[in-house]
Participant: 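Here it is: the structure, laid out below.
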Amino acid sequence: MGEILALEFMRRALAAGVILSTVLATISFFVVLRRFSFIGVGVSHSAFGGVALGALLGVSPTAVAIPFAVGVANAIGVVSRKGKIGIDATIGIFFSLAMALGIIFIGLSDQYNVDLFGYLFGSILAVTTGDLILTAVLGAVILGLTLVLFKEFLFVAFDEEVARASGLPVVLLDHLLLTMLALAVVMSIKVIGIVLVSALLVIPGATALQLTRRYGPAIVYSIVTGLVATVGGLFLSYYADLASGATIVTVASFIFFVALLFGRFRRRAHAPKS
Amino acid sequence: MTENKDMPAVELRGIWSRYDGDWVLRNVSLTCPMGSIFGIVGPNGGGKTTLLRIILGLMSPDRGEVRVLGKVPRAPDRNHSDVGYLPQLSLAHRDFPVSALDVVLMGRYARLGILRRPGAGDRARALETLGLVGMADRAERPFGSLSGGEQQRVSIARALAGDPRLLLLDEPSTGIDAVGQESFYRLLADLRDRTGLAVVMVSHDIGVITAHTDRIACLNRTIHYHGAPDGCLNREILERTYGAGLQVVVHDRECPTCEDERDG
């Protein structure tokens, strides 16, 4: 324990992990309730296009990935609302297009020094002090917005039609949630990786809903799931020398399945006896 | 805009609305005064829900004029706190983490506005409306664990919790048994008399509508009748609204005045 914390990079990775798992878990609650889970998958994979474009232009991949992911998230929102195609088809198209562009950008760039494997699967060595500051700032903005608009997001997720009829700007709130989702994805890429970050947008919220049907405790359980998975996963990845993102997601999934069993058991215990 | 005492709650003039190239509403005009219960009856697919969505400002008609409480409705609009809405019953996803009370509190959000959280006053009002629909003892129960009829009652409480001046109900009696319906319509009549509430409700159930409304419109893409409830209960109007081949089992209760009104 002391040994691990003596390492500068490990301290940075843990600090980033604590912030981003709190943020991802909070968003996860709304992502699951609003049924945006698959959008999270689409947006995180689209970020690959941004990272590759950054590498091609020779600028910070994260700086390019932010507008890229935010743009794709909102484009998915617009097309699925206006278009006559379903949201699953929309995501399928955007996400493969962004990945395809990413591969083209990498082909065009002659630099091979960008750690693409790290971006795809996460690397605890990769977190710089600059990343940590960015994570803290974005995290504070996202958590602040969630706190301020909590009841509005809850209403829209529960009953979009009545929320709209009672005067809530549903379209604006949806785009705000999609933007927050995209920012949370980008700030998590370094530690968890593009391929696996969407798991942390789904698993904490889904786990919490197995355990409670009150929103207060649900948010708490969601954050606890995210924190335990991330911190536990980081330690495990350090000692067992495993990829950080993969370890975190495996721990999170394990927690989910335990919660699933517990939830079934609890429901059976509460069911009326015949 | 100045408040006119005789201002109708809802006024539609010459509404045309198209859906997928098909005219769902053709030249629909109707007026619902304040302090009255207005029923719209007609077959499924006859444009009832479209009409409600236009009144709510969720969609605009292709042609025609809409006035709701003296204004053109347009969602999102902060003034919607004056309108309570009960959509058609759709069962919530079972695990959604809200209690019955949380759902009713949502009916207060439009009054609160963004940033403010529901306070003790809002909770008291929400509990009171839950009491009105006979659900006070279920306040803390998870919404998803309630039966369809109970969820419907909670949704009605949510529509009432914002102290609306106009209540829009889409098939309100779905899932509620006869006794529950009787007390629900008594509650509506009581609110109408005490607070001057206007109610517009749509239903495919002619029996319910004629028994509990002050005025009625028979709608199947266009209005086939507009007047007192008894007046529509004749074979000719029902056949025009619902199509020929309908077995008319209601007793003959024609009202000459209404017939004249309709013909004139």
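Proteins come first, then strands; the chains are lettered A, B, ... in the order of their sequence lines, and each starts at number 1. When reading the values below, keep in mind they use all heavy atoms of this one structure, side chains included, and skip hydrogens, waters and symmetry mates.
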Participant: Does the side chain of A:Asp159 come within less than 4.5 Å of B:Arg158's, by heavy atoms?
Facilitator: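 Answer yes - side chains close enough.
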Participant: Around atom CZ of A:Arg264, are there more than 12 heavy atoms from other residues, nucleotides or ligands closer than 6.0 Å?
Facilitator: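 No, because the 6.0 Å sphere around CZ of A:Arg264 holds 12 heavy atoms or fewer from other groups.
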Participant: Which one wins on heavy-atom pair count under 4.5 Å against chain B: A:Leu149, A:Val162, A:Val148?
Facilitator: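 Between A:Leu149, A:Val162, A:Val148, the count favours A:Val162.
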Participant: Would you compute the distance between atom OG of A:Ser166 and atom OH of B:Tyr85 and round it to the nearest 0.5 angstrom?
Facilitator: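 Separation between the atoms: 11.5 Å.
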Participant: Is there side-chain contact between B:Phe96 and A:Tyr215, with at least one heavy-atom pair below 4.5 Å?
Facilitator: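 In short, these two side chains do not touch, never coming nearer than 4.5 Å.
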Participant: Checking B:Arg116 against chain A: side chain, backbone, both or neither under 4.5 Å from a heavy atom?
Facilitator: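 Contact with chain A involves the backbone of B:Arg116 alone.
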Participant: Does some side-chain heavy atom of B:Arg53 sit less than 4.5 Å from a side-chain heavy atom of A:Glu161?
Facilitator: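 They are in side-chain contact.
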Participant: Could you look at B:Ser145 and say if it's the side chain, the backbone, both or neither that has a heavy atom under 4.5 Å from chain A?
Facilitator: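 Both backbone and side chain of B:Ser145 come within 4.5 Å of chain A.
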Participant: Can you give me the closest heavy-atom contact between A:Lys151 and B:Leu112, atom names plus distance?
Facilitator: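 Scanning both residues, the minimum pair turns out to be CE-CD1, 4.1 Å.
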Participant: Does atom CZ of B:Arg13 have more than 12 heavy-atom neighbours from other groups under 6.0 Å away?
Facilitator: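 At most 12 heavy atoms, drawn from other residues, nucleotides or ligands, come within 6.0 Å of this atom.
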Participant: Using a cut-off of 6.0 Å, state whether more than 12 heavy atoms not belonging to B:Arg192 lie near its atom CZ.
Facilitator: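 Yes.
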Participant: Would B:Asp102 and A:Arg214 pass as an ion pair if we require N to O under 4.0 Å?
Facilitator: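 So B:Asp102 does not pair with A:Arg214 through a salt bridge.
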Participant: Using a cut-off of under 4.5 Å on heavy-atom pairs, state which of B:Val98, B:Leu105, B:Leu168 scores highest against chain A.
Facilitator: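 Ranked by contacts with chain A, first place is B:Val98.
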Participant: Contact part of A:Ala157 toward chain B, heavy-atom cut-off under 4.5 Å: side chain, backbone, both or neither?
Facilitator: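 It is both, since atoms from each part get that close.
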Participant: Can you tell if the side chain of B:Pro97 reaches within under 4.5 Å of the side chain of A:Leu209, non-hydrogen atoms only?
Facilitator: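 With C-beta onward as the side chain, the pair touches.
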Participant: Considering all heavy atoms of both residues, which atom of A:Phe158 and which atom of B:Met106 are nearest to each other, and what is their separation?
Facilitator: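 What the structure gives for the nearest pair is CD2-SD, 3.6 Å.
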Participant: Could you pull out the closest heavy-atom pair between B:Leu56 and A:Ala165, with the gap in Å?
Facilitator: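 For B:Leu56 and A:Ala165, the tightest heavy-atom pair comes out as CD2-CB, 3.8 Å.
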